[in-house]
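Notes follow the structure.
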Amino acid sequence: MVNREDIAERKSSQDIVNQLSVILRNAQIHDPNNIAVVTAIERFIVLINPLVELERTVALELIGEFFYLDGVRIRYSLEYLLNFDFLIREFKNREIGSIIFKDNITADDIKLFLKAFIAAGFSEDPYDKMSEIMSQSHRIEVDRLKKVKEGDEVDVRKIIKKTYFNAVSYSKGVMNKIKSGEKVNVKKAKRIVETMVDQILEEEQLLLSMTAIKDYDEYTYHHSVNVSILSVALGQRIGLSRKVLTELGLAALFHDIGKIEVPHEVLNKPSNFNEEEWKLIRKHPIWGVRSILKLRGFDPVTMRSSIVAFEHHLQYDLSGYPKVRDYKELDFFSRIVSIADQYDAMTSARVYSRIPMTPDKALSLMIERAEKELDPLLLKFFVNMIGVFPIGSLVMLDSKELGLVYESDVVFVDRPRVLIIVDSKGRRVKGPVLSLTEKDKYGRYLRSVTKTLDISKYKINLAEYLL
Ligand SMILES: [Fe+2]
Ligand SMILES: [Fe+2]
C-alpha cells in the first residue's frame with residue numbers, strides 16, 4: 001500500500017525536477033535577473049534546501065530516460081511531462097549525468113549554474129565547459145553522463161535479443177503443452193517476465209525495438225511477448241513498481257491463451273471470418289480464464305491474469321465481448337493490455353491481413369477510438385512512448401536518404417534517431433545511426449523527415465536491421 005508520506009515524497013521530487021526545468025526554460029528566453037527567472041529560482045530553493053539540510057547532499061541523476069533523486073527513480077506525471085522531457089534533452093545535450101547539491105543553496109549558486117548551463121549550450125565540449133565554470137562553486141557539483149560505448153551497445157543488443165527470443169519460445173512451448181494436455185508451471189514465465197521488466201527499466205528502447213519486428217509465421221507467440229513488453233513499458237511510464245510490472249507483464253503474456261482452443265483452421269484462415277467463426281473467436285477470453293486457472297503455481301496475485309484474459313476485448317466502455325451485465329469498469333491491467341494488444345495486432349501482418357498497418361496509422365486510428373474503446377489518459381502515455389515515428393518506421397529524409405527509425409527521442413518526438421539504409425545516391429547501406437536533432441553551426445537541422453513510407457511496399461526485412 002502507498003501511504004501518504006510516500007505520495008508526498010514522490011510529489012516533492014517531481015516538483016524539484018519540474019522546477020529546475022522551469023528555471024532553465026525561463027533562463028533560455030530571459031536574462032538571469034528577469035523576474036520570471038528570479039521567482040523560479042526562489043521556488044526551487046524552497047524545494048531543495050529542506051532536503052539538503054536533511055540528507056547533507058542531494059544527487060539528481062539522469063539514467064537512460066529517467067531521473068533519480070538520491071537513487072530513487074522519479075515518476076513521470078502527465079502534468080509535468082513536457083518539462084521532464086525538456087530537462088532530459090538538455091542534460092543529454094550537455095552530457096550532464098548528475099547534479100549534486102551540497103549545503104544550503106543560494107540564488108547565486110543557481111545563477112552560476114545557469115551561466116554554466118547556457119555557456120555549455122554554445123560550446124563544442126559542453127560538459128568540460130560546464131564543469132569548468134561550476135568548479136567555482138562549492139555547493140553545486142556536476143558529473144558527466146555515463147556513455148554507452150559502441151561495443152557495449154552491441155553486447156546489450158545481444159542480451160536483449162536473447163531475452164526476447166527466449167520469451168517467444170517459452171510462449172510457443174506453453175501453448176503447445178496446453179494443447180496436448182500437459183501441465184504447465186507458471187514459475188518459468190515469472191522468471192522470464194522478471195528479466196523483461198529489468199531490461200525495460202534499463203533499456204526500454206531496445207526491447208521496444210524487438211516488438212517492431214513482426215514475424216507472421218508465428219504471429220501468436222510473438223504477439224503474446226510483444227503485448228507483454230508494450231504493456232510493461234507503458235506501466236513503467238506511469239510509474240508502476242517492479243513487482244506490479246511483473247504481474248502486469250505476466251497477465252499480458254497470457255492474455256490470448258484462450259486462442260489455443262479456437263480450431264487452427266479458423267485461427268489461420270486466410271480470408272474474413274463468417275458469423276460462425278466469429279462466435280468461436282469471441283469465446284477465447286472465457287477459454288483463456290479456464291486455461292489460466294489450470295496452470296500450476298498461480299497464486300492470488302497472478303490470478304489477475306485471468307481477469308485480464310476475460311476483459312481484454314471488453315473495451316473501455318464495456319461494449320466489446322464477452323457481453324457483460326452490471327459490470328462496473330475494466331481492471332486497470334486490462335486497460336493497459338487492451339492498448340498494447342490493439343497496437344500490436346494492427347501493426348502485425350497476420351494470416352488474414354497480410355499487410356500490416358504502419359505504426360503511425362495504427363496510432364491515429366487508436367486515438368480516434370479512445371474514450372469509447374480505450375482509456376484516453378493511458379493512450380496519451382502510450383502515444384508519447386511510441387513516438388510520432390515509431391521504431392521500425394521507414395522515413396524519407398530531406399537529405400534524400402532513406403532511414404529506419406531506430407530510437408525515439410523523448411522530447412523532439414518528430415526527431416528520432418534513424419538508421420540510414422539508402423544513401424543520398426540511392427545505394428543500399430547499413431548505417432550510420434544519426435540523430436535528427438543534430439544541427440549545423442548556424443542552428444539549422446541537418447536532416448528532417450519529409451514523409452513516412454509504407455514499409456510493406458519496399459523489400460525491407462526489418463529484422464536484418466534491428467536485430
Ligand atoms: Fe485476444
Ligand atoms: Fe491479443
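Numbering of ligands and ligand atoms starts at 1, following listing order.
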Return the set of residues passing salt bridge (charged side-chain N to carboxylate O under 4.0 Å, His left out) with Glu275 (not counting sequence neighbours), or none when no residue passes. Arg282
Output field: ring centroids His255/His223 closer than 6.0 Å: yes
Looking at the rings of Phe91 and Phe67, which for Trp means the six-membered one, are their centres under 6.0 Å apart? yes
Note on the Fe ion (ligand 1): protein N/O/S atoms within less than 2.8 Å are Asp256 OD1, His284 NE2, His312 NE2, His313 NE2
Taking atom types as modelled, find out whether Ser424 and Glu401 have a side-chain donor-acceptor pair closer than 3.5 angstrom. no
Can Arg242 and Gln236 be counted as having a side-chain donor-acceptor contact under 3.5 angstrom? no
Is the shortest side-chain N to carboxylate O distance from Arg290 to Glu261 below 4.0 Å? yes
